[in-house]
Asker: 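Sending over a structure as structure tokens; questions will come in a sec.
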Amino acid sequence: MNTRIYYFSGTGNSLHTARSIASQLGGAEIISVRSDAQSVPADDAEVIGFVCPVYEWDIPGTMKSFVERLSINPSAYIFMIATYIAVHGRCFETMDGLLSAKGARLSYSKAIRCVASQCVAYPPFPSERLMVPHMERRIRKICGDIRRRRECDFPRMSPVTRRMYPKKMAPYMAIEKEYDKGFFTDSRCVGCGICAGVCPTRNITMQDGRPLWNHHCHGCNACVAYCPTKAVQFRTPQAYKELGTFIAKHLGLPEKRKRYHHPAVKAADLMADRTTVSPQNQE
């Protein structure tokens, strides 16, 4: 069975999910959407998966542009898994719209709650001790459905959330390009380049041994979570100060705040854009 799973992942929740699904489905190739879509087509795939987090109640912009450029088999069984903490918003509607434009559709869609990793906005929650096992149970259930080729209608944005979106999320999207102006490194930076290597949008380049953020950031916080010396810091950008919302006013990175990433995902895993995952050992 020719299976390809495409993922966007910053702090590892979605990569771990994609990798686990690939293994439990009998093996598959998993591909980061920071790859060139034209070089990794799915027009011969029988099963196609998309796995990504929910940002601002939608899929990340990098995932959108990747799917727009991707060649797919419209007859394939296509699934989408969203990792989130509270509101999945319109993420499934967005993906189904992108697929519909290609003559395809979502066969199966589910959301998985995970640890919220926006550590520049709040401490990670709920605890890893509770949420990581919850993710594993949820992934096993989802994999059983996909193996049986179960089909289901995708979850839609609730009427309340739909009414709230223009006021709650649209203002953040309007200034997203300003977000990475808050990042900087302190004296602990050793110029290792890990932050550039793990960035899922390739937004970070190294200049004179220090990272430079180039304003194509979705705020995933991979650079923060995987910095080995905690050198990556954050101060509230001016555009967010002017936004004046509660969260915008409280952006920051206290020294003692935990910098969460999924415990099973290392920096090297995020740096590998294409990986063939072996079948799970059933013994």
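Atom set for the values below is all heavy atoms of this structure, side chains included, hydrogens, waters and symmetry mates excluded.
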Asker: Taking all non-hydrogen atoms of both residues into account, name the closest pair between Asn203 and His216 and its distance.
Answerer: OD1-N, 2.7 Å
Asker: Nearest 0.5 angstrom please: Asp186 CG to Thr229 OG1, how far?
Answerer: 7.0 Å
Asker: Does Arg156 count as lying over the ring of Phe154, i.e. NZ or CZ under 6.0 Å from the six-ring centre, within 45 degrees of the axis?
Answerer: yes
Asker: Listed by chain and number, what are the side-chain contact (heavy atoms from CB on, under 4.5 Å) partners of Asp36, not counting sequence neighbours?
Answerer: Gln38, Ser39
Asker: May I ask you to decide if the ring planes of Phe183 and Trp213 are parallel, tilted or perpendicular, using 30° and 60° as cut-offs?
Answerer: parallel
Asker: Is it the case that the ring center of Phe66 lies less than 6.0 angstrom away from the ring center of Tyr7?
Answerer: no
Asker: Report the distance from atom SG of Cys199 to atom CZ of Arg34, rounding to the nearest 0.5 Å.
Answerer: 7.5 Å
Asker: Not counting sequence neighbours, list each pair that qualifies as a ring pair (Phe, Tyr, Trp, His ring centres under 6.0 Å) and has a residue in residues 30-53.
Answerer: Tyr6-Phe50
Asker: What is the distance from atom OG of Ser107 to atom CG of Asp96, rounded to the nearest 0.5 Å?
Answerer: 10.0 Å
Asker: Quick one: pull up OG1 in Thr11 and NE2 in His16 and give me the separation to the nearest 0.5 Å.
Answerer: 12.5 Å
Asker: Indicate the ring-plane relationship of Tyr172 and Tyr240, choosing parallel, tilted or perpendicular according to the 30° and 60° boundaries.
Answerer: tilted
Asker: Hey, does Met63 have a side-chain heavy atom less than 4.5 Å from the side chain of Leu98?
Answerer: no
Asker: For the residue pair Ser32 and Arg274, establish whether any side-chain heavy-atom pair is separated by less than 4.5 Å.
Answerer: no
Asker: Does Phe184 have Arg235 sitting over its ring (NZ/CZ under 6.0 Å from centre, angle to axis within 45°)?
Answerer: yes
Asker: Under a 4.5 Å cut-off applied to non-hydrogen side-chain atoms, are Ile194 and Met271 in contact?
Answerer: yes
Asker: Please examine the side chains of Phe8 and Pro53, heavy atoms only from C-beta on, and report whether any two atoms are closer than 4.5 Å.
Answerer: yes
Asker: Taking the six-membered ring for Trp, are Phe79 and Tyr77 parallel (under 30°), tilted (30 to 60°) or perpendicular (over 60°)?
Answerer: tilted
Asker: Under 4.5 Å between any side-chain heavy atoms of Ile139 and Ile21, yes or no?
Answerer: yes
